[in-house]
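Written out below as structure tokens is the structure these notes cover.
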Amino acid sequence: MTPAVPTPADLIPAPRTRRSGPGYFVLDEATAVDAGPGTADTARWLRGTLGAATGLPLDPGTGDGSRAVRLRIDTGVTDELGPEGYRLQVDTDAVTLRGGGPAGVFWGAQTLRQLLGPEAFRRAPVTADRRWTVPGTLIEDSPRFGWRGLMLDVARHFLPKDDVLRYLDLLAAHKLNVFHFHLTDDQGWRIEIKRYPQLTETGSWRTRTKYGHRASPLWEEKPHGGYYTQDDIREIVAYAARLHITVVPEIDIPGHSQAAIAAYPELGNTDVIDTSALSVWDDWGITENVLAPTDTVLRFYEGVFEEVLDLFPGTFVHVGGDECLKDQWRRSPIAQARIKELGLADEDALQSWFIRHFDSWLAARGRRLIGWDEILEGGLAPGAAVSSWRGYAGGVTAAQAGHDVVMCPEQQVYLDHRQHAGPDEPVPIGYVRTLEDVYRFEPVPPQLTADQARHVLGVQANVWTEVMENRARVDYQAFPRLAAFAEVAWSALPAAGERDFTDFERRMSVHYGTLEALGVGYRPPGGPSPWQRRPGVLGRPIDGAPPNV
Ligand code: ACM
């Protein structure tokens with residue numbers, strides 16, 4: 001039996017160029033995987049995924065005299081399409097996948113998997129007499145942006161390690177390559193730091209959780225929490241690396257730090273409030289409890305970052321820097337003395353001093369700091385990169401000043417925001433951002449010159465989880481919009497207004513099958529399924545809950 005299989009015209013994200021060839025390749029018992037130098041990881045990945053889905057051996061070998069999937073790194077492809085580019089040629093007797101580097105081979109393998117159809121995304125065969133065919137084609141492909149990211153907030157709601165690993169698989173299936181891991185916030189500290197055990201002993205649990213968004217008067221009266229051990233983190237980072245995904249850890253300072261202060265009260269502004277009375281926050285929004293600008297705090301966080309650097313080998317380390325209320329610093333004699341001693345203009349400059357300290361500290365260790373666009377206030381630390389979230393403005397300012405920037409404006413790519421204005425959305429907060437809105441997102445601000453635009457490293461979708469208590473909620477918010485985002489991040493699309501959303505929707509009709517095979521609880525085009533609607537899900541209290549805001 002041969003079910004209808006996708007063609008190159010159905011791929012998401014769309015490849016740069018594609019041509020149809022004659023006939024098709026059949027993947028069967030005799031098909032060998034012939035891995036050239038530097039491609040062994042992708043060969044193993046193909047055997048693991050396609051092997052599981054098809055039940056075929058996909059033995060290593062050259063496939064002489066029989067059909068083979070050949071994986072090669074090819075400097076010709078590197079020169080033309082870059083290290084992440086690939087050329088995929090499918091003939092009746094061979095699939096030849098040439099990548100500009102190991103990552104290019106891997107992204108090409110993702111394309112091959114899509115061409116085998118949604119059933120290729122299952123973990124075991126479901127049809128005994130399934131014939132696995134790939135249509136003849138020549139695809140040449142490479143990404144528009146080098147930073148194609150997803151940020152997942154595991155602080156507001158902890159996602160168990162397995163859910164994180166699954167998200168890495170989902171990113172890879174969409175050719176996304178940066179996982180921004182938001183590990184700390186007021187409501188929870190999620191990474192084991194050996195020298196400061198209270199960060200997780202105390203900081204990873206809160207006694208209750210606000211049900212709904214900020215205006216809700218309801219709490220769920222049960223503890224919530226969890227954290228990743230250092231071995232969990234090593235596993236996540238290593239797993240990501242095999243998927244050609246870089247994990248960017250975020251330790252949010254100097255705001256969004258109440259969980260840390262609850263664990264170690266000396267980190268807070270002890271001359272303003274009794275920080276020993278603070279607990280891990282049980283509400284949403286922005287708390288005034290921020291780190292004190294003291295040497296004690298700097299040394300403490302250097303200790304945290306030392307362990308973070310050991311765990312995360314990537315260049316960038318995210319230090320947050322967002323939404324740091326300055327009220328306590330205004331009232332704190334210690335903070336005011338520091339401002340005077342350093343000859344700073346005000347509290348914004350004090351935050352800038354704080355961030356600059358870690359910029360130099362990271363740079364001295366061969367790393368680069370990235371922070372939310374508030375780090376522009378009071379002067380941007382030299383060499384720092386910016387996550388532009390409050391619209392385009394931060395990205396424009398940063399790029400014009402010669403700083404690298406990742407575009408993730410909340411108006412376009414905050415996937416915690418609602419997808420429809422109707423009453424059934426399970427997470428009815430924020431701007432309405434439909435699948436089409438995300439598809440039409442243009443990451444490069446039009447006012448940038450070509451030289452300045454080169455500072456746009458790429459794009460990122462952000463998933464904040466205040467009102468997403470588990471993976472089902474995250475799936476619903478992230479998908480299908482992450483598929484549209486992936487195309488924005490990867491494909492060289494025409495200008496936003498000229499994009500063919502009708503064709504994207506047509507391709508999505510195939511892709512929904514893939515998401516189903518992957519077990520993704522996406523938002524159906526017609527709106528949430530009854531079990532996805534807000535009331536009653538997970539048995540949470542709903543009587544009297546006001547609409548979220
Ligand atoms: C943010 O949304 N506070 C970066």
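Heads up: numbering here begins at 1 and tracks the sequence. Atoms within a ligand are numbered from 1 in the order they appear, just like the ligands themselves.
- Residue contacts with ligand 1: Trp389 is placed with no nitrogen or oxygen under 3.5 Å of a nitrogen or oxygen of the ligand (distance criterion only).
- Residues passing the ring-ring contact (aromatic ring centres under 6.0 Å, His included) test with Phe179, sequence neighbours excluded: Phe181.
- Taking the six-membered ring where the residue is Trp, the centroids of Phe300 and Tyr196 are separated by under 6.0 Å.
- Of the protein's non-hydrogen atoms, the one nearest atom 3 (N) of ligand 1 is Asp322 OD2, 2.7 Å.
- Close N/O approach between Glu323 and ligand 1 is found [any backbone or side-chain N/O within under 3.5 Å].
- Counting only residues at least two apart or in different chains, ring-ring contact (aromatic ring centres under 6.0 Å, His included) contacts with residues 317-357 comprise His180-His318, His318-Trp372, Phe354-Phe358.
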**Full working for salt bridge (Lys or Arg N to Asp or Glu O under 4.0 Å) between Glu307 and Lys194** = CA-CA 8 Å; Glu307 294 191 29; Lys194 300 265 193 204; over 6 Å; no
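- In terms of protein heavy-atom proximity, atom 2 (O) of ligand 1 is nearest to Tyr414 OH, 2.6 Å.
- Each of Tyr167, Trp107, Phe479 was compared with His174 under the ring-ring contact (aromatic ring centres under 6.0 Å, His included) criterion, and only Phe479 meets it.
- Atoms of ligand 1 found under 4.0 Å from any heavy atom of Trp464, numbered from 1 in the order shown, are 1 (C), 2 (O), 4 (C).
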